[in-house]
J.: 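One structure coming up, written as structure tokens, with questions to follow.
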Amino acid sequence: MLPMSQNLDVIVTAGDRDASRPVFGDNKAFLPLADVPIINYVLSAVERAQCTARIFVVGDSTRLAAALAVPNTPWRGTRPLHFLEQGNTLYDNVWNAFLHTLPDYTPGTDWRIYMDTPAFDKAVLVIPGDIPLATPEELDAFVDGCDLARYDYCLGLSAASVLPAYYPQDG
């Protein structure tokens, strides 16, 4: 188990290329909820989670900066925040963000120099930028439940049988 005293870098994905699916013609992370972009609620939960060290957000940097400048945002800026421009795929985005979490990494550096260092085996938390109901307590509980000493990755999944209760319904 990863002790809560050890903080993780968190990668928040907010890209809108290739396989992303827009809602109402826009990136889900930027849709308004009570006049505040959804990404702001996600970043607020991430910054308040005890497990968070630094936050790396992958997406359109200009839109991300504008989103965080809206009035009444719950984001307070209490953790280091880094914007990274999106690539073409989710894999590209997560890999690029992971590389940026490595010590002294600069773009273009051959990542293989980290292969035999403890930094390359570091844990990061990857979450989507379109989950506005996430809470810091949920993030901490998830990280607490991950046995990163035994497993390379942990996934938070819901059984399909519980999802119909959350589908849109008439009325």
Side-chain angles (χ1 to χ4, degrees), residues 1-16 20 23 26-87 90-107 109 114 117-149 151 153-158:
M1 295 284 273
L2 183 68
M4 282 308 299
S5 60
Q6 181 178 344
N7 290 339
L8 301 176
D9 288 329
V10 179
I11 298 169
V12 180
T13 60
D16 59 5
S20 84
V23 173
D26 201 0
N27 180 334
K28 294 176 281 192
F30 295 106
L31 292 175
L33 178 63
D35 297 324
V36 174
I38 286 175
I39 187 77
N40 297 33
Y41 296 101
V42 176
L43 293 175
S44 175
V46 170
E47 78 176 331
R48 292 180 293 131
Q50 292 178 22
C51 66
T52 302
R54 300 177 295 171
I55 305 169
F56 294 80
V57 186
V58 184
D60 181 328
S61 296
T62 302
R63 286 193 78 188
L64 290 164
L68 292 179
V70 301
N72 303 315
T73 182
W75 162 258
R76 297 291 171 242
T78 61
R79 307 281 179 157
L81 178 68
H82 307 275
F83 293 148
L84 300 171
E85 281 301 325
Q86 63 187 332
L90 178 61
Y91 176 83
D92 291 341
N93 291 341
V94 173
W95 177 247
N96 182 48
F98 173 76
L99 291 175
H100 278 81
T101 71
L102 297 174
D104 303 319
Y105 176 78
T106 54
T109 300
Y114 295 97
T117 70
F120 197 72
D121 200 32
K122 73 180 282 183
V124 296
L125 176 63
V126 179
I127 66 169
D130 61 358
I131 52 170
L133 301 180
T135 68
E137 296 80 14
E138 287 173 312
L139 298 176
D140 288 331
F142 176 76
V143 169
D144 278 347
C146 295
D147 186 352
L148 297 175
Y151 302 105
Y153 58 89
C154 299
L155 298 174
L157 301 174
S158 298

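Position 1 is the first residue of the sequence; numbering continues from there.
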J.: Looking at every non-hydrogen atom in both residues, tell me the closest pair between Pro74 and Ser44 and how far apart they are.
T.: O-OG, 3.3 Å
J.: Looking at every non-hydrogen atom in both residues, tell me the closest pair between Asp147 and Cys154 and how far apart they are.
T.: N-SG, 4.1 Å
J.: Within a strict 4.5 Å, meaning less than it, do heavy atoms of the Tyr41 and Leu133 side chains meet?
T.: no
J.: Look up atom CG in Leu99 and atom OG1 in Thr109, then write down how far apart they are to the nearest 0.5 Å.
T.: 9.0 Å
J.: May I ask you to test the Phe142-Ile127 pair for a side-chain heavy-atom distance under 4.5 Å?
T.: no
J.: Would you check if the side chain of Arg54 reaches a backbone N or O of Thr101 as a donor-acceptor pair within less than 3.5 Å?
T.: yes
J.: Begin with the C-alpha distance, continue with both residues' side-chain angles, and end with the deciding distance and a verdict on side chain to side chain contact (heavy atoms under 4.5 Å, CB included) for Phe83 and Asp60.
T.: CA-CA 8 Å; Phe83 293 148; Asp60 181 328; over 6 Å; no
J.: Taking all heavy atoms of Leu148 and all of Ala123, pick out the closest pair and write down the distance.
T.: CD1-CB, 3.4 Å
J.: Does Leu68 reach the side chain of Leu81, with side-chain heavy atoms less than 4.5 Å apart?
T.: yes
J.: List in chain and number order the residues that pass side chain to side chain donor-acceptor pair (under 3.5 Å) with Thr117, two or more places apart in sequence or in another chain; answer none if no residue qualifies.
T.: none
J.: Got Val70 and Asp35 here, is their nearest side-chain heavy-atom distance under 4.5 Å?
T.: no
J.: Would you call the rings of Tyr105 and His100 parallel, tilted or perpendicular, taking 30° and 60° as the class edges?
T.: perpendicular
J.: Please give me the minimum heavy-atom distance between Gly129 and Ile38, naming the atom from each residue.
T.: O-CG2, 3.7 Å
J.: Please enumerate all residues that pass side chain to side chain donor-acceptor pair (under 3.5 Å) together with Thr73, with sequence neighbours excluded.
T.: Asn40
J.: Applying salt bridge (charged side-chain N to carboxylate O under 4.0 Å, His left out), which residue pairs with at least one partner in residues 119-130 are found, sequence neighbours left out?
T.: Asp9-Lys122, Lys28-Asp130
J.: If we ignore hydrogens and angles and just use 3.5 Å, is the side chain of Gln50 paired with the main-chain N or O of Asp140 as donor and acceptor?
T.: no
J.: Looking at CD1 of Ile131 and CD1 of Ile39, how far apart are the two atoms once the value is rounded to the nearest 0.5 Å?
T.: 9.0 Å
J.: Checking Arg63 now: which residues fulfil side chain to side chain donor-acceptor pair (under 3.5 Å) with it, not counting sequence neighbours?
T.: Asp26
J.: Check side chain to side chain donor-acceptor pair (under 3.5 Å) between Thr13 and all other residues, then give those that pass, not counting sequence neighbours.
T.: none
J.: Can you name the closest pair of heavy atoms from Ala97 and Val58 and give their distance?
T.: CB-CG2, 3.8 Å
J.: If only atom types and distance count, is the side chain of Glu47 paired as donor or acceptor with the main-chain N or O of Gly77 below 3.5 Å?
T.: yes
J.: What pairs of residues pass the salt bridge (charged side-chain N to carboxylate O under 4.0 Å, His left out) test when at least one of them lies in residues 91-102, not counting sequence neighbours?
T.: none
J.: For Ala45 and Pro136, work out which heavy atoms get closest and say how close.
T.: O-CB, 3.5 Å
J.: With a 3.5 Å distance limit and no angle check, can you tell me whether Gln86 reaches the backbone of Ala14 through a side-chain donor-acceptor pair?
T.: no
J.: With rounding to the nearest 0.5 Å, note down the distance linking CG in Asn93 to CZ in Phe56.
T.: 14.0 Å
J.: Find the distance between CD1 (Ile11) and NE2 (His82) and round it off to the nearest 0.5 Å.
T.: 11.5 Å
